[in-house]
Protein chains: 2
Amino acid sequence: MTSAETDDTAFLRAAIRAERKRWTEARHAVWEAFLQSQEGLTIPEAVKRVKALGIGQATVYRNVRELLQMGLLQWVHDPNGDHRFIAARMPHGHPVVCQRCKRVIWVDCHGLSAVERLAALETGFTVKGHHLEIFGLCPNCSRLSPDGEPHPGKPKSPRKPRR
Amino acid sequence: MTSAETDDTAFLRAAIRAERKRWTEARHAVWEAFLQSQEGLTIPEAVKRVKALGIGQATVYRNVRELLQMGLLQWVHDPNGDHRFIAARMPHGHPVVCQRCKRVIWVDCHGLSAVERLAALETGFTVKGHHLEIFGLCPNCSRLSPDGEPHPGKPKSPRKPRR
DNA sequence: GTCGTTGCAAAACATTTGCAGGCCT
DNA sequence: AGGCCTGCAAATGTTTTGCAACGAC
């Protein structure tokens with residue numbers, strides 16, 4: 001656990017240097033919180049996790065903003081549209097999110113650049129980037145519920161769109 | 001303008017029937033507000049637009065939630081992560097968003113199902129769906145600013161992640 | 001020493017809820 | 001008539017801000 005930490009810590013340290021920002025305990029702790037979460041965190045969740053370390057919520061908000069800008073964090077949604085943030089481990093990877101257990105696996109872009117090129121051709125846009133999330137069931141959950149929810153688009157308990 | 005409206009109104013009417021929900025003026029007005037916006041609306045923006053018609057904000061929240069569930073609305077982000085909602089005109093289409101003027105053009109899935117299949121193979125997930133947004137500059141804005149922002153990922157004015 | 005960063009608490013903003021009455025079907 | 005929908009206003013929850021002190025460089 002401690003040896004793996006070194007790696008991710010170095011990742012953060014390098015990004016901070018590149019941005020000429022400063023290394024602080026709080027920054028590190030926020031990053032760690034996201035790293036240690038398999039399924040991503042909403043900001044309030046992250047706040048809860050680091051409050052014990054004496055870190056204020058404003059600091060979490062400020063740091064999440066920066067980590068996003070540095071590309072160390074990426075956002076994902078559950079199908080309800082709820083915003084979660086997750087440590088971006090693979091450069092240019094895309095999250096595959098299990099709708100049941102919320103596990104996330106990263107996959108490469110694959111042929112997506114082809115889609116970009118095609119979109120560019122069709123629309124005349126100069127394509128600068130994209131955001132792709134894939135939803136489904138992880139192998140384990142898939143086994144548990146062969147076809148759990150009849151209507152993935154119409155959950156029983158209508159959830160909030162949250163801005 | 002009035003003749004085109006018929007089409008979209010019918011779209012809404014059909015969806016409402018299919019869901020056994022009720023046709024109301026408020027529901028229609030909210031839908032219209034999103035239809036008439038090229039670049040999508042945040043909920044507070046939508047509230048502002050229909051307030052003049054005597055529609056309360058709670059109603060807007062409630063209806064956006066339902067339109068989302070019906071698949072009539074789709075969410076998009078600006079690169080900062082801000083949540084906007086936009087009328088989904090093309091079934092299974094994906095928004096191509098101009099980062100400058102915020103114009104949105106819809107494109108088809110293209111080969112994306114191939115990406116889904118590949119992701120399924122690599123991760124073992126049972127893939128149920130995806131969410132793709134493509135960012136770039138529309139032809140017009142592209143001409144205006146051949147390379148406007150040097151760092152699309154690092155805007156000068158750090159914006160809020162908003163949950 | 002400088003200035004980016006921080007925690008705190010309050011302000012600002014966004015979203016949900018309870019309820020009585022209205023209006024689709 | 002029945003019950004989904006609505007507007008209102010208050011309750012809740014989320015995000016930002018101001019500021020003095022702290023700590024990294």
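Fair warning: this is a prediction, and the values are worked out from it, not measured in the lab. Letters A, B, ... mirror the listed sequences (proteins, then strands); counts begin at 1.
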All N/O pairs under 3.5 Å across the protein-nucleotides 1-3 of chain D interface:
| unit_1 | atom_1 | unit_2 | atom_2 | d |
| --- | --- | --- | --- | --- |
| D:dG2 | N2 | B:Arg22 | NH2 | 3.4 |
| D:dG3 | N2 | B:Arg22 | NH1 | 2.8 |
| D:dG3 | N3 | B:Arg22 | NH1 | 3.4 |

Need one value for [X]: base, sugar-phosphate or nothing, where a base atom within 4.0 Å counts as base even if backbone is also close, heavy atoms only.
X	answer
A:Gln57	base
A:Arg62	base
A:Ala26	sugar-phosphate

With A:Arg84 as reference, evaluate A:Glu45, A:Gln74, A:Glu39 under the side-chain hydrogen bond (donor to acceptor under 3.5 Å, both in side chains) test and give the passing residue. A:Glu45
Once you measure the plane-to-plane angle for [X] and [Y], does it fall in the parallel (<30°), tilted (30-60°) or perpendicular (>60°) bin?
X	Y	answer
A:Phe85	A:Phe34	perpendicular
A:Trp75	A:His83	perpendicular
B:Trp31	B:Phe11	perpendicular

Distance, rounded to the nearest Å, where [X] contributes [atom1] and [N] contributes [atom2]:
X	N	atom1	atom2	value
A:Arg20	C:dT5	CZ	C1'	18 Å
B:Lys51	D:dA9	NZ	P	11 Å
A:Arg84	D:dT14	CZ	P	12 Å
A:Tyr61	C:dA12	OH	C1'	13 Å
A:Trp23	C:dG4	CH2	P	20 Å

Distance check: side-chain N/O of A:Thr24 vs OP1/OP2 of D:dG23, anything under 4.0 Å?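 No.
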So if I take every side-chain heavy atom of A:Pro44 and compare against D:dT6, C:dT5, D:dT14, which nucleotide ends up nearest? D:dT14
Of the options C:dC24, C:dG7, C:dT17, whose atoms approach the side-chain atoms of B:Ala58 most closely? C:dT17
With a 4.5 Å heavy-atom cut-off, do B:Gln69 and B:Glu19 have their side chains touching?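 Answer no - side chains too far apart.
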Is there side-chain contact between B:Glu66 and B:Leu72, with heavy atoms separated by less than 4.5 Å? no
First encountered from the 5' end of DNA chain D, between A:Lys21 and B:Arg27: B:Arg27
Between the side chain of A:Arg13 and the main-chain N/O of A:Trp23, is any donor-acceptor distance below 3.5 Å? no
